[in-house]
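This report concerns only the one structure given below.
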Amino acid sequence: MWSPANNLEQERLDKLNSLRARQIEPYPNRVGRTHTTVEALHAFEAAESQAASEPAPGAVTVAVTVAGRIVRQNLKGKVYFAHIEDGAGRLQLFARIDNVGEAAYEMIRQDLDLGDFVQASGTMMRTRAGEVSVLVEELAVLAKALSPLPVIKEHVTGDGTVERYGAFSDVEERYRQRYADLAVNPETRAVFRDRARAVSALRRFLDDEGFLEVETPILQPIYGGAAARPFITHHNQLHQDLYLRISFELYLKRLLVGMYDAVYEIGRDFRNEGVSFKHNPEFTQLEFYQAYADYHSMMDLTERMIAYVAEQVTGGTTITFQGQTIELAPPWQRITLRDAIRDRTGIDYAGYPDAASLAGAMRAAGMGADPAMTWGRLIDTLLGDAVEPTLIQPAFILDYPRDISPFAKSVPGDPTHVERFEMFVGGMEMGNAFTELNDPLDQEARFVEMGRLYSADDEETTPVDEDYLRAMRYGMPPCGGCGVGVDRLVMLVTDKSTIREVLLFPHLRERGERS
RNA sequence: GGCCCCGUAGCUCAAUCCGGCAGAGCAGUUGACUCUUAAUCAAUUGGUUAGAGGUUCGAGUCCUCUCGGGGUCACCA
């Protein structure tokens, strides 16, 4: 059973008990709200301007009942001012002992705290200072707050800018108690409204392009579609270990075998790996697959989609990300991986066709090169170290080494490369796409090849998915597929430098007693 | 996982360099105030300085370990 942790909570508990002792229910079941704060304000302003246009202006009477959380209060002798906030906005309450009576005024004076939810009934008016307010006739507690929220004071200066004092800014506490962060920091609420707008824009765009939204298993007997360590869980009754999915890829492509032309899924992937400013153990992924398409048409579609999302969230395709101006309107730069690496490092990896010679060239250029890495992994290292950080403006990097891309079709006439692109914006990888491999025998060979290449670090092996191969043997149409990291996309359009700022409840290590 | 930085009242922060009574603002409490809006004025409560151990006459401060967070590197398509 909870008990007060400090005098602030003790005093609030005393107030709650005092209310109950006077037969005032601090958590009533029913609310009688007639207007949101903003509706009340607009109703009054409309009535005011209508009255002003009439020949003989009379008193404006707009009766309302509003409800919200007390975010500021100011007791001034026998009058009381408070601002309440609801999901729509803020509104001032103005209560006088003459209007509400002595008993109610005593409750206001003694028992109300910042953070309490209240309901106020009265008529709209304007204070002498000009602020539209509710002249309160009745005031009721809707929910007593026992713990104090962080206190933030705001000062609106002459030019309309809001100065804030004592903002709740402790990063760890903001994440651990996101509800408090959201309650007191409107800009945090704005981030997650923007996130919702971004996700719904993705859906709208793909729906309009004729894609079908589907849902595939999160619990999978065989994981695959990416190189990542999975989370393992267990089904008790089936006596079966299951994996939390690391990608949707193999299930979505089964659906193309099943004759859907275009499908997408937005959902959670889980990867049992380190956390960083752009990695969380669970993250939101968008994957979409289109039959009769290839990676060129996926590029066209993807750049239009990202530009659409930016436009829907920010109002335009030119955005500011971490101090840099980024233009997301198509067309985006397209450059092969080989050219991009040669531009940045002077190394043309085509001249070093095996891992040993490439690693030697990298070391000669002063770069680290893990001797255990395959040729493709070395190239991937070059991409990550030398190319990725330079890609601030949106760019597609094309044509990847075959051995790190087991689900992509080869470039015609070039057995060492596959038709694959990754897209980068703001120095971050935002997505990954292929001309999807639909040759079942080649696919089987790739599984075997991957198993051989990665037997050393077996946890990242892509296991052979026999059911997926069976599906492909029924015939899979040529298709393009693309995956987009939704969290990173949201970082981009909300100008946040870490993924935790765009996750409502980012993963944090468990903490002991303090809470 | 390595390295660096951080953890003081409900919130935001001082005091740490160079060991010497643990402070301020907001919030709270009491009082004054019938148009305030960072309201104001007066008085006042509130601390296991993240935790454990050590050095010292004396530790928020120095040392060791633990916990948590941030950054960075490693890892990670």
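All chains are named by letter (A, B, ...) in the order of the sequence lines, taking the proteins before the strands, and each is independently numbered beginning at 1. Keep in mind it's a predicted model, so treat the numbers as computed, not measured.
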If the [atom1] atom of [N] is compared with that of [M], how far apart are they to the nearest Å?
{"N": "rA59(B)", "M": "rA15(B)", "atom1": "C1'", "result": "13 Å"}
{"N": "rC11(B)", "M": "rG46(B)", "atom1": "C1'", "result": "13 Å"}
{"N": "rC26(B)", "M": "rU66(B)", "atom1": "C1'", "result": "34 Å"}
{"N": "rC33(B)", "M": "rC67(B)", "atom1": "C1'", "result": "50 Å"}
{"N": "rG58(B)", "M": "rC75(B)", "atom1": "P", "result": "49 Å"}
{"N": "rG25(B)", "M": "rG71(B)", "atom1": "P", "result": "33 Å"}
{"N": "rU37(B)", "M": "rC3(B)", "atom1": "C1'", "result": "49 Å"}
{"N": "rC62(B)", "M": "rG20(B)", "atom1": "C1'", "result": "14 Å"}

Run the ring-centre check on Tyr349(A) versus Trp375(A) and record whether the distance is less than 6.0 Å. yes
Closest listed nucleotide, where the reference is the side chain of [X] and the choices are [options]:
{"X": "Pro148(A)", "options": "rG46(B), rG69(B), rG10(B)", "answer": "rG10(B)"}
{"X": "Val151(A)", "options": "rC76(B), rG71(B), rG10(B)", "answer": "rG10(B)"}
{"X": "Phe277(A)", "options": "rG70(B), rC76(B), rU72(B)", "answer": "rU72(B)"}
{"X": "Phe81(A)", "options": "rC76(B), rC35(B), rG71(B)", "answer": "rC35(B)"}

**Prompt:** Side chains of Tyr289(A) and Glu287(A): is there a donor and an acceptor less than 3.5 Å apart?
**Reply:** yes
Salt bridge flag under 4.0 Å for residues [X] and [Y]:
{"X": "Glu154(A)", "Y": "Arg90(A)", "value": "yes"}
{"X": "Arg69(A)", "Y": "Glu85(A)", "value": "no"}
{"X": "Glu172(A)", "Y": "Arg509(A)", "value": "no"}

Given protein heavy atoms under 4.0 Å, the one-letter contact record of nucleotides 37-43 of chain B, with B base, S sugar-phosphate only and - none, is simply BBB----
Distance in angstrom units between [X] [atom1] and [N] [atom2], rounded:
{"X": "Glu273(A)", "N": "rG1(B)", "atom1": "CD", "atom2": "P", "result": "15 Å"}
{"X": "His279(A)", "N": "rC73(B)", "atom1": "NE2", "atom2": "P", "result": "13 Å"}
{"X": "Met125(A)", "N": "rU34(B)", "atom1": "CE", "atom2": "P", "result": "16 Å"}
{"X": "Gln10(A)", "N": "rG47(B)", "atom1": "CD", "atom2": "P", "result": "13 Å"}
{"X": "Phe168(A)", "N": "rC13(B)", "atom1": "CZ", "atom2": "P", "result": "11 Å"}
{"X": "Asp14(A)", "N": "rU30(B)", "atom1": "CG", "atom2": "P", "result": "11 Å"}

Worksheet item: Is the cationic atom of Arg178(A) (NZ for Lys, CZ for Arg) positioned less than 6.0 Å from the six-membered ring centroid of Phe505(A) and within 45 degrees of its normal?
Response: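 Judged by the rule, Arg178(A) and Phe505(A) form no cation-pi pair.
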- If pairing requires Watson-Crick or G-U wobble contacts with both distances under 3.5 Å, which nucleotide is the partner of rG7(B)?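 Its partner is rC67(B).
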The Watson-Crick or G-U wobble partner of rU49(B), with both key distances under 3.5 Å, is none
Residue set satisfying ring pair (Phe, Tyr, Trp, His ring centres under 6.0 Å) with Phe81(A), at least two apart, ordered chain then number -> Phe94(A)
Only one of Val484(A), Leu202(A), Ile266(A) passes side-chain contact (heavy atoms from CB on, under 4.5 Å) with Phe288(A), and that residue is Val484(A)
Respond yes when some side-chain nitrogen or oxygen of [X] is under 4.0 Å from OP1 or OP2 of [N], and no when none is.
{"X": "Arg509(A)", "N": "rG69(B)", "value": "yes"}
{"X": "Arg109(A)", "N": "rA32(B)", "value": "no"}
{"X": "Asn6(A)", "N": "rG10(B)", "value": "yes"}

Just to be sure I understand the rule, does [X] reach a base, reach only the sugar-phosphate, or reach nothing, if contact means heavy atoms closer than 4.0 Å?
{"X": "Thr498(A)", "result": "sugar-phosphate"}
{"X": "Arg420(A)", "result": "base"}
{"X": "Phe94(A)", "result": "base"}
{"X": "Asp170(A)", "result": "sugar-phosphate"}

Are any non-hydrogen side-chain atoms of Val100(A) and Glu138(A) less than 4.5 angstrom apart?
no
